[in-house]
Every structure is written in C-alpha cells, then in structure tokens.
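First the structure, in the form of structure tokens, and then the observations on it.
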Amino acid sequence: MEQKDLQRIKQQFNIIGNSTQLNRGIEIAVQVALTDLSVLITGESGVGKEHFPKIIHQHSPRKHGPYFAINCGAIPEGTVDSELFGHEKGAFTGANEMRKGYFEEADGGTLFLDEVAELPLASQAKL
C-alpha cells in the first residue's frame, strides 16, 4: 500500500500513529475487506481496535449496507440470543411480535461484535 493511501485512511478514521504494526494492521484490514470472511480482531484494551471494522466495512463491497457496532457486554444476559439472532412472535413470554436480530439486520453490511468474551458461554458457542 502506498504511503499516501495509508495516510488518507488514517485521516479518514482519525488514527494517530506511525508504527510498523499499525501500518501493517491497516494494510491487512484493507486486504480482508475484499473477502467475504469473518474477521477476529484482537489487541490490548485501548489500542483502537474499533477502527478496524470501520476500515474493513468502508473498503468492502458491503460499504453501502448497514454497519452495526454492538457492545456484547451491554446486552442483558437474558436477551442476548434474541438481540443477536432475533425471535418469532410467541417464542417466549412477552414476544408479542417477530423481531429481527442484529445478524439479520446487518445482512449485506457489517456486524462488529465488541467484547464477545462478555457474552454467556452458550451464546459464544452459537457464534
């Protein structure tokens, strides 16, 4: 990737820094954007991991679709599966209507699940 392209991406996503690892991470994000793969982004807390799904989305064929960033740790435990996968009317007490989950809502776009480790293990297994 050319330096000017790298700088343009950094400006677009308000990324400050110029380390070899950061630059390589951005290059990889742009490369995987052209694929139809799920991507796992790891790193220490506070390093800016949330920028990479946005870079991937904006450089992918899905850029015209919806973008959802979901903090899994903020979803109440009893509603996790319904929030992620949706539910049918009458599936449980209080399910008065069908509801699409984030996976269905994001179809054709990008779904960024932040803090997946905060989900119950059963929900993690479903993913």
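Keep in mind that this is a model prediction, so the values were computed, not measured.
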From Arg99 atom CZ to Thr79 atom OG1, the distance as rounded to the nearest 0.5 Å: 8.5 Å
Distance-minimising heavy-atom pair for Glu115 and Cys72: O-CB, 3.4 Å
Atom pair CD/CG of Glu105 and Leu111 - distance to nearest 0.5 Å: 10.5 Å
Smallest separation among heavy atoms of Tyr67 and Glu50, with atom names: OH-O, 4.3 Å
hydrophobic_cluster_shared for Ile70 and Phe103, side chain cutoff 4.5 Å: yes
Joint cluster assignment, Ile75 & Leu127, ILVMFWY side-chain distance < 4.5 Å: yes
Leu84 side chain near Leu119 side chain, heavy-atom distance below 4.5 Å: yes
Spacing of Phe52 atom CZ and Ile15 atom CD1 [to the nearest 0.5 Å]: 5.5 Å
Any residue meeting side-chain contact (heavy atoms from CB on, under 4.5 Å) with Glu2, in chain and number order, not counting sequence neighbours: Lys4, Asp5
Taking every non-hydrogen atom, the tightest pair across Ile16 and Leu22: O-CD2, 4.2 Å
Residue pair Ser60, Leu34: steps toward the side chain to side chain contact (heavy atoms under 4.5 Å, CB included) verdict: CA-CA 5 Å; Ser60 77; Leu34 301 175; over 6 Å; no
Pro66 to Ala106 - nearest heavy-atom pair and separation: CG-CA, 4.0 Å
Min side-chain heavy-atom separation Leu37-Val32 under 4.5 Å: no
Validation row, ring centre Phe112 to ring centre Phe68 under 6.0 Å: no
Rounded distance (nearest 0.5 Å) linking atom CG of Asn18 with atom CG of Leu6: 7.5 Å
Geometric class of the His59/Phe13 ring pair [parallel <30°, tilted 30-60°, perpendicular >60°]: tilted
Salt bridge (charged side-chain N to carboxylate O under 4.0 Å, His left out) assessment of Asp114 paired with Lys49: CA-CA 9 Å; Asp114 195 14; Lys49 296 180 295 291; over 6 Å; no
Derivation of the side chain to side chain contact (heavy atoms under 4.5 Å, CB included) call for Ile9 and Gln58: CA-CA 10 Å; Ile9 291 170; Gln58 286 301 314; over 6 Å; no
Spacing of CD1 belonging to Ile26 relative to NZ belonging to Lys10, to within rounding of 0.5 Å: 5.0 Å
Residues Lys63, Thr110; criterion side chain to side chain contact (heavy atoms under 4.5 Å, CB included); working and verdict: CA-CA 8 Å; Lys63 68 183 171 189; Thr110 301; over 6 Å; no
Flag side-chain contact, heavy atom, 4.5 Å: Glu27 against Arg24: yes
Glu83 CD to Tyr102 OH distance, which is reported to the nearest 0.5 Å: 5.0 Å
Working for side chain to side chain contact (heavy atoms under 4.5 Å, CB included), residues Ile56 and Val39: CA-CA 9 Å; Ile56 293 169; Val39 177; 4.2 Å; yes
